[in-house]
Amino acid sequence: MTAGTSPMMLLAAARLLRGGICVSDPGAPTAAALLARATHAPSLELLDPRTPGFLRHGLRRVEVGLVTAAQVDAYGNLNTSVLGEYDEPTERLTGAGILPELAAGAALVVLLPHRLRSFVERVDFVTAAGGLSGPLDRARVGLFGTGPVAVVTDLGVLRPDPATAELVLTDLHPGVTVEQVRAETGWPLEVSDELVATEPATDAERAALTGSGP
Amino acid sequence: MTAGTSPMMLLAAARLLRGGICVSDPGAPTAAALLARATHAPSLELLDPRTPGFLRHGLRRVEVGLVTAAQVDAYGNLNTSVLGEYDEPTERLTGAGILPELAAGAALVVLLPHRLRSFVERVDFVTAAGGLSGPLDRARVGLFGTGPVAVVTDLGVLRPDPATAELVLTDLHPGVTVEQVRAETGWPLEVSDELVATEPATDAERAALTGSGP
Amino acid sequence: MTGRSRVGNVRVRSSTTTVPPMATISALADALDALVRNGSEVAWEGAPVAVATVLARRRVRDLTLVALNPGISGDLLVGAGCVARLVTSAVAGPDGAVLPRIAAADVEREDHTATGLATAYDAGAAGLPFGVLRGYVGTDLATVTRVATVRCPFTGEDLAAVPAIAPDVAIVHARRADRAGNVDGLVGVGRDAVYAARRALVTVSETVEELPRTELPGVAGLLVAEVPESPVPADFAAWLAEVRA
Amino acid sequence: MTGRSRVGNVRVRSSTTTVPPMATISALADALDALVRNGSEVAWEGAPVAVATVLARRRVRDLTLVALNPGISGDLLVGAGCVARLVTSAVAGPDGAVLPRIAAADVEREDHTATGLATAYDAGAAGLPFGVLRGYVGTDLATVTRVATVRCPFTGEDLAAVPAIAPDVAIVHARRADRAGNVDGLVGVGRDAVYAARRALVTVSETVEELPRTELPGVAGLLVAEVPESPVPADFAAWLAEVRA
């Protein structure tokens with residue numbers, strides 16, 4: 001398991017999935033998809049984006065994307081392009097790939113370690129649209145797909161508040177405090193009134209995690 | 001050999017071909033292509049238009065088309081759509097298929113029996129553009145490919161005069177007179193000053209014709 | 001910012017339906033009952049005669065038939081009165097002669113070039129409302145069919161645009177299938193038609209034990225039916241009487 | 001009408017060149033000498049490390065590299081100073097980390113989405129100046145790269161347009177070839193890149209006795225080179241010193 005990936009992150013992400021046509025980034029996102037398929041979502045269909053025809057004809061039919069990013073901001077916008085200014089970046093990232101069109105059309109679950117450098121008020125570059133800058137923005141620019149529905153980290157789960165489009169804390173993993181999460185979040189993080197604790201792994205999940213673990 | 005197809009027609013058409021990427025309609029056009037390949041043009045590459053990818057990606061690379069049509073007119077325009085008015089036709093024909101884009105981009109050799117009903121002053125419907133209505137028309141509408149270079153019949157060969165874009169008689173098959181051709185042509189047919197007689201079949205051509213004949 | 005967040009335990013895709021495997025082997029009649037309704041728009045790319053026979057028996061009406069070339073099976077379907085509208089680029093039999101029932105039929109028609117239809121399928125497959133091609137230039141087709149002009153925003157060049165085809169159902173033919181629904185020979189225009197359509201039926205001549213996994217990423221719910229080579233009816237009137245019996 | 005017609009014995013395609021078979025088996029170095037020049041625009045889809053090594057040894061300069069993801073081989077090529085311009089959608093190694101030489105390089109860049117580049121290849125393959133997609137919406141990419149808007153002439157909807165890619169040469173990888181130049185596994189974006197390019201080299205890992213005839217209608221003069229799996233250089237500096245020796 002790579003740094004910042006915790007079993008609770010995989011569990012919390014996997015539990016969001018019910019089925020459907022899915023693509024996932026390598027690493028934790030794919031581990032979460034496989035965990036879901038091995039437990040409660042056997043009908044989850046995992047596509048390989050390298051399959052011929054995927055980009056122009058298949059991608060638009062994807063229902064769920066599990067992805068990661070270098071930065072996520074208060075509106076769930078994602079950055080995998082550059083840190084700093086686009087023309088003179090302090091760091092070049094891995095690029096857009098399929099992320100922009102996936103975030104436009106599918107429901108997106110974002111997995112990444114909860115660190116202050118990644119959870120920024122505003123991403124340096126919008127590689128893929130979350131809520132942009134407010135609750136009506138996606139529709140206004142013509143994004144009719146769902147977009148990011150959850151950001152799952154090693155500390156908890158954030159989801160967009162439909163009223164504001166801002167990410168708020170909805171789930172806390174066992175042993176984590178709201179203060180810990182806020183300390184690693186670069187904006188004044190709201191906490192849902194319905195904040196729940198992530199349930200510990202069931203026997204089936206534990207078996208699948210052990211079986212499919214690295 | 002179907003009605004109106006003569007060995008001289010196949011020979012005259014085949015002799016026009018030097019090589020290149022080619023598609024041909026079934027019947028006499030394909031017979032002419034095979035004859036050319038079996039004799040003086042072994043590098044002629046015959047494509048099957050049903051091959052996956054042909055229509056959107058392959059057709060534009062075709063250099064030579066051998067085709068037939070129900071009507072051809074004084075400017076080499078071709079009709080395979082309808083006889084009579086489009087909205088109330090007296091007869092429906094087999095349709096456009098690949099002919100319009102082939103006539104736009106490739107050099108076209110048209111094979112058809114020389115009959116007055118087919119050689120009309122103006123086609124009832126322009127399915128594929130020849131010279132349209134004059135020598136500058138193809139360039140004017142944005143047709144940059146060669147288009148029809150010869151209409152080969154059982155009586156002779158007609159080619160467009162570059163000065164007028166009108167088809168003129170350039171070759172007469174053995175035993176055929178200019179008067180015979182004019183009697184089967186629905187416009188005042190000009191005769192080239194360099195009118196030639198079609199050479200009789202060589203031994204190699206005769207062997208290929210016999211070998212590949214029906 | 002709201003004090004009381006309305007974010008609850010939203011779940012991704014909470015519908016209770018499950019995704020079927022990519023393809024399901026089906027009996028031809030069952031597949032057609034499930035897929036084709038009166039008024040359906042049907043992409044018809046290589047459908048065998050047996051499909052026309054079943055649809056004619058079912059007295060399906062008012063179909064829009066989209067086909068590069070409807071072939072003999074499409075000609076029978078039109079002859080049986082199942083079709084109200086034809087979108088085609090060619091209407092010729094294997095002998096090169098015009099399809100007789102289609103030539104005579106009183107149906108609405110939209111004529112295209114073969115590349116125009118292939119482009120329209122590709123656009124449908126890509127979820128776009130139109131496709132772009134170099135085509136129709138200088139022809140009378142451009143004046144009678146649904147084709148428009150788009151300008152390249154980079155070069156200023158004008159190109160032809162055709163409306164996308166996104167049919168209710170695609171009925172296409174491939175060589176073989178296996179028992180898991182993998183299909184051999186679903187390529188080219190037939191493949192694009194499957195991607196463009198809401199649902200699809202692939203007819204195959206043969207079912208074999210095992211084929212490589214078919215790669216149609218994103219296509220769910222494909223039906224596959226084995227259809228034995230059915231002879232072309234020697235006598236259309238007899239065929240029509242039989243299907244109407 | 002002219003009295004004296006100027007129509008002579010015009011012949012179709014009277015050039016004396018003959019068309020080569022669809023593909024020719026070639027040694028890698030010969031193929032690259034024939035295809036790649038300083039300043040060439042190269043579609044780079046799966047090219048193995050050995051191709052980068054040969055080009056770096058040849059001290060090729062000022063390439064424009066177009067790739068969905070240049071991969072380790074593209075990273076070496078950039079590291080060797082062969083590339084002036086990068087058109088990519090991703091720059092990641094197999095481990096998911098950013099390609100280090102590309103991240104650090106001082107080259108001109110044009111960033112796209114993967115579907116944007118796939119659409120640009122498809123447009124190039126179709127001989128069009130631009131391709132249409134649903135993409136780039138709401139992103140900052142749309143503000144920094146070559147993407148424009150086209151309006152559907154039928155529905156009025158606005159869509160993204162990308163300029164076509166029509167490279168001087170495509171270097172793509174496939175699984176196997178046979179001695180006649182038939183290729184197994186030339187599909188998807190690699191296939192479209194071959195159609196979009198003026199000339200193309202297909203590298204294969206293996207040459208076998210006989211494969212089914214490859215169906216690339218209209219593609220003439222394809223070169224095929226068998227390239228044994230070359231290891232990724234463990235030490236970039238040592239590799240660079242070696243190719244510059």
Side-chain angles (χ1 to χ4, degrees), chain A residues 2 25-30 48-60 68 70 75 77-83 85-87 89 91-105 123-133 137-145 147, chain D residues 45-46 67-70 86 88-107 109 111-123 131-145 147 149 157-160 185-192:
Chain A
T2 52
D25 280 344
T30 294
D48 182 343
R50 292 165 303 183
T51 311
F54 176 81
L55 293 172
R56 291 191 60 243
H57 294 168
L59 176 50
R60 74 182 181 99
T68 190
Y75 288 102
N77 303 304
L78 302 175
N79 178 13
T80 62
S81 296
V82 292
L83 298 183
E85 292 293 314
Y86 180 77
D87 289 327
E91 189 177 337
R92 289 193 184 276
L93 308 172
T94 53
I98 65 170
L99 189 61
E101 282 85 16
L102 197 62
V123 288
D124 295 353
F125 188 91
V126 180
T127 308
L132 293 172
S133 304
D137 281 5
R138 284 183 67 91
R140 185 179 50 75
V141 301
L143 289 167
F144 298 110
Chain D
E45 296 299 340
L68 261 76
N69 186 340
L86 273 172
T88 62
S89 70
V91 290
D95 59 355
V98 70
L99 294 166
R101 265 67 63 176
I102 285 181
D106 179 23
V107 294
R109 292 168 201 256
D111 288 331
H112 283 280
T113 73
T115 302
L117 277 192
T119 301
Y121 277 132
D122 178 79
V132 183
L133 72 155
R134 289 186 196 280
Y136 298 87
V137 178
T139 72
D140 285 347
L141 270 176
T143 66
V144 298
T145 195
V147 58
T149 298
E157 188 184 355
D158 281 337
L159 296 130
L186 181 53
V187 290
V189 166
R191 183 197 159 285
D192 287 355

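Here is the naming used below: chain letters follow the sequence lines, and residue numbers restart at 1 for every chain. Atom set for the values below is all heavy atoms of this structure, side chains included, hydrogens, waters and symmetry mates excluded. These figures come from a predicted structure and were not determined experimentally.
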Sub-4.5 Å side-chain heavy-atom contact between Leu141(D) and Pro100(A): yes

Over all atoms of both residues, closest heavy-atom pair of Ile98(A) and Ala114(D): CG2-CB, 3.9 Å

Segment of Arg134(D) engaging chain A (4.5 angstrom heavy-atom cut-off): backbone

Residue selection (most heavy-atom pairs with chain A, distance under 4.5 Å) from Val137(D), Val187(D), Thr143(D): Val137(D)

Contact leader toward chain A among Val144(D), Leu117(D), Asn69(D), Asp111(D), where contacts are heavy-atom pairs under 4.5 Å: Val144(D)

Portion of Leu93(A) that has a non-hydrogen atom of chain D nearer than 4.5 angstrom: backbone

Less than 3.5 Å apart, which donor and acceptor atoms pair up between the side chains of residues 88-99 of chain D and the rest of the protein, not counting sequence neighbours?
| unit_1 | atom_1 | unit_2 | atom_2 | d |
| --- | --- | --- | --- | --- |
| Ser89(D) | OG | Leu68(D) | O | 2.8 |
| Asp95(D) | OD1 | Ala97(D) | N | 3.0 |

Check: Leu133(D) and Arg56(A) side chains under 4.5 Å, non-hydrogen atoms: no

Residue among Gly97(A), Ala104(A), Gly105(A), Pro26(A) with most heavy-atom pairs under 4.5 Å to chain D: Gly97(A)

For the student: nearest non-hydrogen atoms of Gly135(D) and Glu101(A), plus distance: CA-OE2, 3.2 Å

Winner by heavy-atom pair count (cut-off under 4.5 Å) against chain A, out of Thr119(D), Ile102(D), Asp122(D): Asp122(D)

Most contacts with chain A, counted as non-hydrogen pairs under 4.5 angstrom, among Gly116(D), Gly138(D), Ala104(D): Gly138(D)

Residue Tyr86(A) versus chain D: region with a heavy atom under 4.5 Å: side chain

Region of Ala128(A) in contact with chain D, defined by heavy-atom distances below 4.5 Å: backbone

Separation between OG1 of Thr139(D) and CZ of Phe125(A), rounded to the nearest 0.5 Å: 6.5 Å

Contact origin within Asp158(D) toward chain A - heavy atom pairs under 4.5 Å: neither

